[in-house]
2 protein chains.
Amino acid sequence: MVTHSKVEAILEELEQADTLDGLQSAIVMLRDLYHVDHMIYHWVDSAGDHYGCGTYPIEWAQHYTEQNYQRVDPVVIGCYQRFHPVDWKRLDWSSKAARAFLVDAMNFGVGNQGFSVPIRGPNGQFALFTVNHTCSDEEWSALTNEHRRDLILIGHYFNQKALEFETDRAPEQAQSLSPREVDAMTLLAIGYSRAQVANTLSISEHTLRVYIESARFKLGALNTTHAVARAISRGLIVV
Amino acid sequence: MVTHSKVEAILEELEQADTLDGLQSAIVMLRDLYHVDHMIYHWVDSAGDHYGCGTYPIEWAQHYTEQNYQRVDPVVIGCYQRFHPVDWKRLDWSSKAARAFLVDAMNFGVGNQGFSVPIRGPNGQFALFTVNHTCSDEEWSALTNEHRRDLILIGHYFNQKALEFETDRAPEQAQSLSPREVDAMTLLAIGYSRAQVANTLSISEHTLRVYIESARFKLGALNTTHAVARAISRGLIVV
DNA sequence: TTGATACTCCCCCGATATGGGGAGGGAACA
DNA sequence: TGTTCCCTCCCCATATCGGGGGAGTATCAA
């Protein structure tokens, strides 16, 4: 049983943490406090830079990365489309790749029950805070119902800390797009060709190119598709 | 003073709510419970469709919309770049437009103290949950420190409800992509050219084209950029 | 067994996008 | 009053994309 004062104390301590080691030991403490097998916090993004901490065996974490499992992991895919925390049982495990992934995970010591909190930050940052355990459905349901709100808050504070540590990675984030650039990106994102976009905006195609290049530069993108992708995931345009 | 059991009760009730009126009356209750002048929940969206409820005078809400104040509102701008809730005093009010906005707001009965929780959902959804009051800095600081976590949670549950009501805006079912198609879309989304993607996946460029075309077909996309944009906004890939 | 779905490979060619330049006017901000 | 950013327009060469063909493997499920 976890009392609210305990949760408060944990959050206070989390707020004080100023090293990555502090987060790692915090998550171990949390796991013990809630009497679960595993607790994990990690960033999700297709680029290489991962950040996370938790109690999964390192072999599994490595294997996950090597296999690029986030591409097929139903937890990642499912949470990315949701706002509320979700029990793993409610996710879509029907695909072949998903079932293979699950078998693999359990071979590495991942438990049969899971509960994950999706967390979103500025600039399209996305992270997962997950609790994992081996037990019956009934026990798990009782556990998650009781601690759901604690877990939301703890995930939130965890993410706050992680953002503070990783502040160096998003230095020129405030780069916003000009109205015309937003127009251009938006129309490209809905499938218009350059000629169509230029026509829609009633400007020459040459002018349009300037906007696209400018947006590409601001977004640090390598090409138009990349720029549109970044604009969407940073929430600069809505499609 | 607000006890945790009260917060729990509120959250429970919030979860039960099934009408917009339910949210409106909930927010009035919350305002009274926390003894503040105003409490507001609203979506922030560059497009036209607003959604929100709260206790600001309707004149102010209308005026805000008419003046397109979200473009200059330091609360919106500041929260959009932050993850943690923020006291209005810590925002940047230095611009001329911001000061004019503030004067206008206070003329409409908006209090001098504010505390806003940024909330992010899938597909770039962004909302604000705000508490507003008139009092001294010391009182306000005590109030926000005491209830910060409650407000994060309440904001979260409010948003969850709002998303449920607005579920109609995301009707299209996600036609899932094959692992290879996900690979292709993901690599394209991070700026790789067709040749680079093919090389990275160790397949011929011709094969890659088959995947891209297949994904484009499944996503109903007109070109590669469109396909990537759809894959991202439907949560099929993570960038 | 048959059918469906993924995954892999190959040809040609025209349409389109990209990247490298340069240049001028206007609004806003300090 | 100058600097900075935004909007607008232009040329050219080449890399990339998109559309049209066709064909073989493997796995899984009906």
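Quick note on labels: first sequence line is chain A, next is B, and so on, each numbered from 1.
B:Tyr192 OH: 12 or fewer foreign heavy atoms inside a 6.0 Å radius.
With D:dT8, D:dC6, D:dT16 as the candidates, the nucleotide lying closest to the side chain of A:Lys218 is D:dC6.
B:Leu222 places its CG atom 15 Å from the C1' atom of C:dT16, with the value rounded to the nearest Å. In this entry the distance linking CG of B:Leu188 with C1' of D:dT16 reads 12 Å, nearest Å. The nearest whole Å value for the distance from the CG atom in B:Leu177 to the P atom in C:dA6 is 10 Å. When the C1' atom of D:dA15 is taken as reference, atom OH of B:Tyr192 falls 19 Å away, rounded to whole Å.
Under 4.0 angstrom from either OP1 or OP2 of C:dT5 there lies no side-chain N or O belonging to B:Ser178. Close to C:dT8, at under 4.0 Å from its OP1 or OP2, lies no side-chain N or O of B:Ser204. Residue B:Arg180 places at least one side-chain N or O closer than 4.0 Å to OP1 or OP2 of C:dT8.
Using a 30° and 60° split on the angle between ring planes, B:Phe129 and B:Tyr41 fall in the tilted class, from 30° to 60°. Aromatic ring pairs are classed by plane angle as parallel below 30°, tilted from 30° to 60° and perpendicular above 60°; the pair B:Trp140 and B:His133 is parallel.
As judged by a 4.0 angstrom heavy-atom cut-off over every strand, A:Asn223 is placed among residues making no nucleic acid contact. At the heavy-atom level, A:Leu201 lies nowhere under 4.0 Å from the strands shown. Here B:Arg194 lies in heavy-atom contact (under 4.0 Å) with a base.
Remark: the backbone N or O of B:Gly220 is paired with a side-chain donor or acceptor of B:Arg230 at under 3.5 angstrom.
Separation of the B:His156 and A:His156 ring centroids does not fall under the 6.0 Å cut-off. When ring centroids are compared, B:His63 and B:Phe108 come within the 6.0 Å threshold.
Listed by residue number, the members of residues 205-216 of chain A with any heavy atom below 4.0 angstrom from DNA chain D are A:His206, A:Thr207, A:Arg209, A:Val210, A:Tyr211.
In this structure, OG1 in B:Thr186 is found 9.0 Å from CG in B:Leu177, a value given to the nearest 0.5 Å.
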Worksheet entry | Where protein sits on nucleotides 25-30 of chain D, one letter per nucleotide: B base, S sugar-phosphate only, - none, heavy atoms under 4.0 Å | ---S--

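Checking A:Ser193 against B:Pro179, the closest nucleotide of DNA chain C that is more toward the 5' end is the one next to B:Pro179.
By the salt bridge (charged side-chain N to carboxylate O under 4.0 Å, His left out) test, A:Asp104 is found to be paired with no residue, residues two or more places apart in sequence or in another chain being considered.
In summary, of the residues considered (B:Asn223, B:Thr225, B:Thr224), a side-chain hydrogen bond (donor to acceptor under 3.5 Å, both in side chains) with A:Thr225 occurs for B:Thr225 alone.
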